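See below for the structure under consideration.
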Amino acid sequence: MIDVIVAGGGPTGVMLAGELRMRGVDALVLEKDAEPTKVVRALGIHARTVELMDQRGLLDQVLALGKQYPLGGFFAGIRKPQPEGLDTTYRYVLSIPQPVTERLLIERASELGVEIRRSCQVVGLSQDDDGVTVEQADGTQLRSRYLVGCDGGRSTVRKLLGVGFPGEPTRNETLLGEVELTAPPEEIAAVVAEVRKTQLRFGAVPLGEGVYRIGAPAAGLAENPRVPPTLDELKHQFRALAGTDFGAHSARWLSRFGDATRLAEHYRVGRVLLAGDAAHIHPPMGGQGLNLGIQDAFNLGWKLAAEVTGWAPDGLLDSYETERRPVATDVLENTRAQAELISLEPGAQAVRRLVAKLMDFEEVNRYLLEQITAIGVRYDFGEGHELLGRRLRDVKLNRGRLYELMRGGRGLLLDQTGLLSVTGWADRIDHVVDVSEELEVPAVLLRPDGHVAWVGDDQQDLIGVLPKWFGAGVS
Ligand SMILES: Cc1cc2nc3c(=O)[nH]c(=O)nc-3n(C[C@H](O)[C@H](O)[C@H](O)COP(=O)(O)OP(=O)(O)OC[C@H]3O[C@@H](n4cnc5c(N)ncnc54)[C@H](O)[C@@H]3O)c2cc1C
């Protein structure tokens, strides 16, 4: 029996499969499409995701593939200078087209030994006490101990589970594409600037050599949103809004997306879990969806691996939903708020002006950016030190730096006292005795996803916490 089947080979599914495989779990990805998509949805990787890439040894590659832009302007497009003191080494947004990010994650997963089976569509599932039977479109069945639906916003897995997906339906659709434009660049820039005064969903961003990423509101809702628009449809919308289609031709790809906001009622039903867009969808404001999915995978990967390999304490796998669903709720809330703030209605514009003034307060500006970049995420681990439940930024140590020590994906006791011990858990936790001028606590226990599980200097206190996250110690 396969350990884990991942339905969907998008960024969430492939990241998750890599997280499982690096811990010795046998993970198979079933992807319905024959080829990776060329459609560029996400363009932005935020600080927390860059941090995760660093913790997996992918930092040099993502930096080489992306362009760094300042973080200002991410909340509802309100431009403000970057606030002081953002608690991360990566104070920029990294612009990388989604297909490039996906390629990088696929390469990593494949190197780790993950099999990604293409043209394999999941159409059915049933589960019992021992495992899950997964049915594919060609009628074949596979058996696994767990199944994770990373199959996007229209998730088949979620529907087969009967998990509700309440929220608001799409009210507006936007057409998107990569095309060649023949009009002079200055003319395009001037017209776009003019139209955007009253229509923020209109745009044409030059990608070089006459190719542009263009977007425009659709005339209405498509009968079948899965069917991409035609170039004529996009040109028609351009002419309607701007009086010109800039001589658009030779589309590389065309797509449409809606502004629905929905959250799955549950992330787990027995042996089947949901992650990424399969669990939450929202408009792309602030560029958060792909980041959120990758971070879901990072949270779920070590927990599911612990369950499969047998050391997971009671409740560990359920903590995936307890921790990640509130994070998605917050993202849905902030994208809802941003959607209101870009409306051109007079009331919304007044609120926008007010928010813009509030963002002149450093703390407000920083708070909003901590949300968008996800560095402000704090899981509820109960009362305790202010670091508890938060992720720790990378810090320099006497020998090296923190994130380099996290590449094995295990727990980590960073011990500045040299007096502590994780004997009994040494197969799950690395114990590093070192000192950092940037760390004001004697010792910190990090979970494999980098979130702080304990702070202190008392061995008995530490031993009281270890089983909660790392299961029983071995003598
Ligand atoms: C215009 C736009 C701009 C965006 N910009 C950003 C941004 O800047 N930053 C950001 O973080 N996010 C952004 N997003 C959101 C981001 O694109 C998504 O959140 C992200 O793709 C979700 O990844 P996923 O792996 O969860 O789902 P998906 O990328 O949807 O992948 C799901 C995969 O599952 C496969 N699949 C579906 N059904 C089945 C089945 N039954 N069996 C097998 N396989 C199946 C699909 O073919 C697909 O490959 C943007 C979205 C849009 C539309």
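Each ligand, and each atom within it, is numbered from 1 in the order the structure gives. Residue numbers run from 1 in the order of the sequence given. Everything numeric here is computed off the predicted structure, so don't read it as measured data.
For ligand 1, the atoms closer than 4.0 angstrom to any heavy atom of Asp33 are 47 (O). Proximity to Thr156 (heavy-atom distance under 4.0 Å) selects the following atoms of ligand 1: 41 (N). Those atoms of ligand 1 that come under 4.0 Å of a heavy atom in Gly152, given as number and element, are 27 (O), 30 (O), 32 (C).
There is a side-chain donor-acceptor pair under 3.5 Å between Glu323 and Asn299. A donor atom on one side chain and an acceptor atom on the other are found under 3.5 Å apart for Lys303 and Ser319. A donor atom on one side chain and an acceptor atom on the other are not found under 3.5 Å apart for Arg336 and Thr261. With 3.5 Å as the limit, one finds no donor-acceptor pair spanning the side chains of Thr89 and Asp394.
For the pair Gly276 and ligand 1, the shortest N or O to N or O distance does not fall below 3.5 Å. At a 3.5 angstrom cut-off on N or O pairs, Gln121 does not count as close to ligand 1. Backbone and side-chain nitrogen or oxygen atoms of Leu43 are examined, and one is located within less than 3.5 angstrom of a nitrogen or oxygen of ligand 1. In terms of polar-atom proximity, defined here as any N/O pair under 3.5 Å, Gly153 makes no such contact with ligand 1. Taking any N or O of Gly289, backbone or side chain, at least one lies under 3.5 Å from an N or O belonging to ligand 1. For Leu176, no nitrogen or oxygen atom sits less than 3.5 Å from a nitrogen or oxygen atom of ligand 1, counting backbone and side chain alike.
Annotation: cation-pi geometry satisfied between Arg271 and Tyr146 (NZ/CZ under 6.0 angstrom from ring centroid, within 45° of ring axis).
Of the candidates Arg41, His282, Arg117, the one placing a heavy atom closest to atom 28 (P) of ligand 1 is Arg41. The closest heavy-atom contact to atom 32 (C) of ligand 1, among the options Gly286, Gly8, Cys150, comes from Cys150. Nearest to atom 41 (N) of ligand 1 by heavy atom, out of Asp296, Val122, Val123, is Val122. Nearest residue to atom 2 (C) of ligand 1 from Gly258, Pro284, Gly293 is Pro284 (criterion: closest heavy atom). Of the candidates Glu102, Arg213, Glu31, Glu31 brings a heavy atom nearest to atom 48 (C) of ligand 1. Within the set Leu30, Thr37, Asp151, the minimum heavy-atom distance to atom 37 (C) of ligand 1 is found for Asp151.
The CZ atom of Arg391 sits 11.5 Å away from the OH atom of Tyr379 when rounded to the nearest 0.5 Å. Taking CG from Asp259 and OG1 from Thr170, the interatomic distance works out to 5.0 Å, rounded to the nearest 0.5 Å. The NZ atom of Lys38 sits 12.0 Å away from atom CH2 of Trp253, with the distance rounded to the nearest 0.5 Å. Summarising the geometry, atom CG belonging to Leu105 is positioned 10.5 Å from atom OG belonging to Ser110; distances are rounded to the nearest 0.5 Å.
Close placement of the Tyr267 and Tyr320 rings is indicated, their centers lying within 6.0 Å of each other. Two rings, from His451 and Phe381, have their centers 6.0 Å or more apart. Proximity of the aromatic rings of Phe246 and Tyr212 is defined here by a centroid distance below 6.0 angstrom, and this criterion is not met.
Here the heavy atom of the protein found nearest to atom 44 (N) of ligand 1 is Lys32 N, 3.2 Å. When only non-hydrogen protein atoms are considered, atom 21 (O) of ligand 1 lies nearest to Gln98 NE2, 2.8 Å. Nearest to atom 1 (C) of ligand 1 among the protein's heavy atoms is Phe257 CE2, 3.3 Å. The single protein non-hydrogen atom nearest to atom 23 (O) of ligand 1 is Pro11 CG, 3.5 Å, given as residue, atom name and distance. Nearest non-hydrogen protein atom to atom 18 (C) of ligand 1 is Asp277 OD2, 3.4 Å. With hydrogens left out, the protein atom closest to atom 25 (O) of ligand 1 is Thr12 N, 3.0 Å, a heavy atom. For atom 12 (N) of ligand 1, the closest non-hydrogen atom on the protein side is Leu290 N, 2.9 Å. Protein heavy atom in closest approach to atom 31 (O) of ligand 1: Gly10 CA, 3.6 Å.
Taking the side chain as every heavy atom from C-beta outward, Asp277 and Arg41 approach each other to under 4.5 Å.
Assignment of Ala42 to the shell around ligand 1 is supported, since a heavy atom sits closer than 4.0 Å. At least one heavy atom of Cys120 sits under 4.0 Å from some atom of ligand 1.
Annotation: Glu404, atom CD; neighbour count of heavy atoms from other residues, nucleotides and ligands within 6.0 Å is above 12.
Between Arg407 and Asp54 there is a salt bridge, with a side-chain nitrogen of the basic residue lying less than 4.0 Å from a carboxylate oxygen of the acidic one.
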